[in-house]
Amino acid sequence: LVRGNHDSRAGDPPAALGIAVVDEPHLLGPFACCHHPQMHPTHFVLAGHLHPVCSLHGRGRDRLRLPCFVQEGGQAILPAFGEFTGGWRMDAAPGRRFYGVGGDAVWALPEAAGSGGVGR
């Protein structure tokens, strides 16, 4: 578990749970595990904190909001699953890719996924 902004108040989980807790960046193979999105000079970053979501729009007013992965440059921002965390809609940007998560699958979404066209 990578410590983040919520942990300064909540503290680490009880030791009895057996969860290893580390500070960011925690280097793990080719990855720098971070709570906050950021760049790392030598490792690809896996980050949380933002809890990205996307919305897929259908005919009429159909809309489906899903957690999503966002990949940009040398980092991937991971979704959160559950209602406690909410979600943050990120705007489309050059080089930013969205991957929606639903059921037991992950789908690459069009580059307009963050701009309100196919999804947001």
Stepwise side-chain contact (heavy atoms from CB on, under 4.5 Å) test for R63 and L56 | CA-CA 5 Å; R63 184 175 76 101; L56 303 179; over 6 Å; no

Are there more than 12 heavy atoms of other residues, nucleotides or ligands under 6.0 Å from atom CH2 of W107?
-> yes

With side chains defined as the heavy atoms from C-beta onward, is the minimum distance between V101 and L66 less than 4.5 Å?
-> no

Are any side-chain N or O atoms of Q75 and backbone N or O atoms of M39, one a donor and one an acceptor, separated by less than 3.5 Å?
-> no

Would you call the rings of H35 and H49 parallel, tilted or perpendicular, where under 30° means parallel and over 60° means perpendicular?
-> perpendicular

Taking all non-hydrogen atoms of both residues into account, name the closest pair between H43 and G29 and its distance.
-> CD2-O, 3.2 Å

Excluding sequence neighbours, so at least two apart, what forms side-chain hydrogen bond (donor to acceptor under 3.5 Å, both in side chains) with Q71?
-> none

Interatomic spacing from CD1 in I19 to CG in L1 - rounded to 0.5 Å | 6.5 Å

Look at the side chain of R97 and the backbone N and O of F69, then say whether any donor-acceptor pair between them is shorter than 3.5 Å.
-> no

Test V22 against C33 for side-chain contact (heavy atoms from CB on, under 4.5 Å), laying out the working first.
-> CA-CA 9 Å; V22 297; C33 303; over 6 Å; no

May I ask you to test the V53-M90 pair for a side-chain heavy-atom distance under 4.5 Å?
-> no

Could you tell me the separation between the CD atom of E24 and the SG atom of C34, rounded to the nearest 0.5 Å?
-> 5.0 Å

Quick one: OH on Y99 to SG on C68, what's the gap to the nearest 0.5 Å?
-> 11.0 Å

Please check if any side-chain donor atom of R65 sits under 3.5 Å from a side-chain acceptor atom of S55, or the reverse.
-> no

Nearest heavy-atom pair of P67 and A80: which atoms, and what distance?
-> CB-O, 3.9 Å

From CD1 (I77) to CG (L46), nearest 0.5 Å = 11.0 Å

Before accepting this row, confirm whether a basic side-chain N of the pair D91/R96 lies closer than 4.0 Å to the acidic partner's carboxylate O.
-> no

